[in-house]
Amino acid sequence: MRIGLIGAGNMARALARGWQQPVLCADPVAERAEELAAETGGQALASNAEVAQQADLVVLAHKPAQLAEVAAQVAPHARAVASILAATPLAALKQAYPDRPVYRFIPSLPVEVRQGAVVAAADDQQDAALDDSVRELFGSLGTLVTLDDALVDAAMCLMSCGPAYVALVAEAQIDAGVRYGIPASAGAPLVVQTLAGTAELLRLRGYDTLAVRREVSSPGGLTIRGLDALERGGVRKAFSDAMDAVMRRAG
Ligand SMILES: NC(=O)c1ccc[n+]([C@@H]2O[C@H](COP(=O)([O-])OP(=O)(O)OC[C@H]3O[C@@H](n4cnc5c(N)ncnc54)[C@H](OP(=O)(O)O)[C@@H]3O)[C@@H](O)[C@H]2O)c1
């Protein structure tokens with residue numbers, strides 16, 4: 001399947017690296033498209049229309065505000081369209097791209113290393129073979145979860161904003177270690193490996209977060225004191241507020 005990326009920004013680059021195959025692409029900044037094409041062994045084209053003409057699947061990786069402007073160039077030529085635009089429901093996508101298969105996904109930055117969380121918006125069957133191939137394409141980037149379209153923006157707060165939240169949490173832990181004399185160069189691998197290892201354990205325990213916390217927190221021990229301090233510091237409330245902040249803008 002020839003993939004054509006509209007926009008060659010951060011997420012387009014992450015997707016292309018994850019797919020590990022040559023892509024077609026276009027971007028208002030020609031050098032940006034050329035750089036991405038060169039990295040994947042693909043081709044930068046001069047216009048969005050040319051990408052749509054040559055691609056089997058057009059992947060919209062521009063900003064949501066450019067939906068109508070891009071659709072005017074791409075819709076006359078595109079065979080099938082997959083969108084990664086935030087806060088852009090399926091209905092709006094189908095209105096912009098009528099009479100052809102249209103898919104909605106939200107990826108997260110770790111798709112670059114094929115460890116991304118990807119949300120797919122549930123939809124009726126459009127073209128059985130193509131539906132399967134497109135799902136497989138996005139599924140190859142990590143873990144794919146299908147949700148009702150109305151829930152996709154909320155999910156985005158968890159998994160697409162998530163890498164930034166997790167990076168901030170890691171940074172805060174590393175800095176806490178620095179206060180006690182652990183250099184960041186030693187603290188960072190310790191903290192990051194703990195994140196990766198805990199993720200693996202959580203999967204193994206069926207995502208039972210409490211079970212993992214209980215295993216680490218012996219009664220009267222050290223960890224429970226740390227957890228108590230985090231709760232008093234408002235860690236749950238902070239994540240809940242982050243969700244509200246994102247949803248106020250996206251919903
Ligand atoms: N970043 C994430 O973690 C993430 C996660 C999930 C979904 N998304 C969605 O992914 C999309 C891209 O996000 P991003 O973070 O990669 O943004 P980005 O780095 O700004 O990339 C967007 C690219 O599209 C280009 N562009 C602007 N107008 C265009 C046009 N008319 N035709 C073709 N390309 C055009 C931009 O060029 P200029 O800079 O010159 O305008 C830029 O290179 C957004 O819709 C966002 O909602 C992002």
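Counting convention: from 1, in listed order, for ligands and their atoms alike. We count residues from 1, following the sequence as given.
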Electrostatic pair [X]:[Y] at N-O distance under 4.0 angstrom:
| X | Y | value |
| --- | --- | --- |
| D131 | R135 | no |
| D153 | R104 | yes |
| K94 | D123 | yes |
| R179 | D175 | no |
| E215 | R205 | yes |

Side-chain heavy atoms nearer than 4.5 Å, only ILVMFWY residues, links allowed to pass through others: does that put V113 and M159 together?
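Result: no, two separate clusters.
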
With the 4.5 Å side-chain cut-off for hydrophobic clustering, are L137 and V59 part of the same group?
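Cluster IDs for L137 and V59 match.
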
For ligand 1, which atoms, with element, lie under 4.0 Å from some heavy atom of [X]?
| X | result |
| --- | --- |
| G9 | 16 (O), 19 (O), 21 (O), 23 (C), 43 (O) |
| V70 | 30 (C), 31 (N), 32 (N) |
| P64 | 44 (C), 45 (O), 47 (O) |

Kindly indicate whether the side chain of M11, heavy atoms from C-beta on, has any atom under 4.5 Å from the side chain of L109.
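Yes. Closest side-chain heavy atoms under 4.5 Å.
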
Do R79 and V58 touch side chain to side chain, with heavy atoms closer than 4.5 Å?
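R79 vs V58: side chains apart.
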
What protein heavy atom is closest to [atom], reported as residue, atom name and distance in Å?
| atom | result |
| --- | --- |
| atom 5 (C) of ligand 1 | S160 OG, 2.9 Å |
| atom 32 (N) of ligand 1 | N48 ND2, 2.9 Å |
| atom 47 (O) of ligand 1 | A86 N, 3.0 Å |
| atom 10 (O) of ligand 1 | I84 CD1, 3.3 Å |
| atom 20 (O) of ligand 1 | K63 CE, 3.2 Å |
| atom 19 (O) of ligand 1 | N10 N, 3.0 Å |

Using heavy-atom distances only, which candidate in [options] approaches [atom] most closely?
| atom | options | value |
| --- | --- | --- |
| atom 37 (O) of ligand 1 | M11, R32, H62 | R32 |
| atom 22 (C) of ligand 1 | P28, G7, A61 | A61 |
| atom 25 (C) of ligand 1 | D27, V74, I6, T88 | D27 |

Mark the output for L109 as yes if a heavy-atom distance to ligand 1 is under 4.0 Å, and as no if none is.
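In this structure, L109 fails to qualify as a contact of ligand 1 - no heavy atom is under 4.0 Å.
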
Between [X] and ligand 1, which residue portion shows a heavy-atom distance shorter than 4.0 Å: side chain, backbone, both, or neither?
| X | result |
| --- | --- |
| L60 | neither |
| M156 | neither |
| E69 | side chain |
| Q66 | side chain |

In terms of heavy-atom contacts, does CD of E231 have more than 12 from other residues, nucleotides or ligands at under 6.0 Å?
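Counting other residues, nucleotides and ligands, CD of E231 exceeds 12 neighbours.
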
Please find the pair of heavy atoms, one from V118 and one from F105, that lie closest to each other, and give the distance.
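Scanning both residues, the minimum pair turns out to be CG1-CD2, 4.1 Å.
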
For A12 and ligand 1, does the shortest N/O to N/O distance drop below 3.5 Å?
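A12 vs ligand 1: no N/O contact under 3.5 Å.
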
With only distance considered, is A26 within less than 3.5 Å of ligand 1 through an N or O on each side?
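In this structure, A26 places no N or O atom under 3.5 Å from an N or O of ligand 1.
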
Show me, pair by pair, the donor-acceptor contacts under 3.5 angstrom made by side chains of residues 188-202, not counting sequence neighbours?
| unit_1 | atom_1 | unit_2 | atom_2 | d |
| --- | --- | --- | --- | --- |
| T194 | OG1 | L190 | O | 2.6 |
| T198 | OG1 | T194 | O | 2.5 |
| E200 | OE1 | R203 | NH2 | 3.2 |

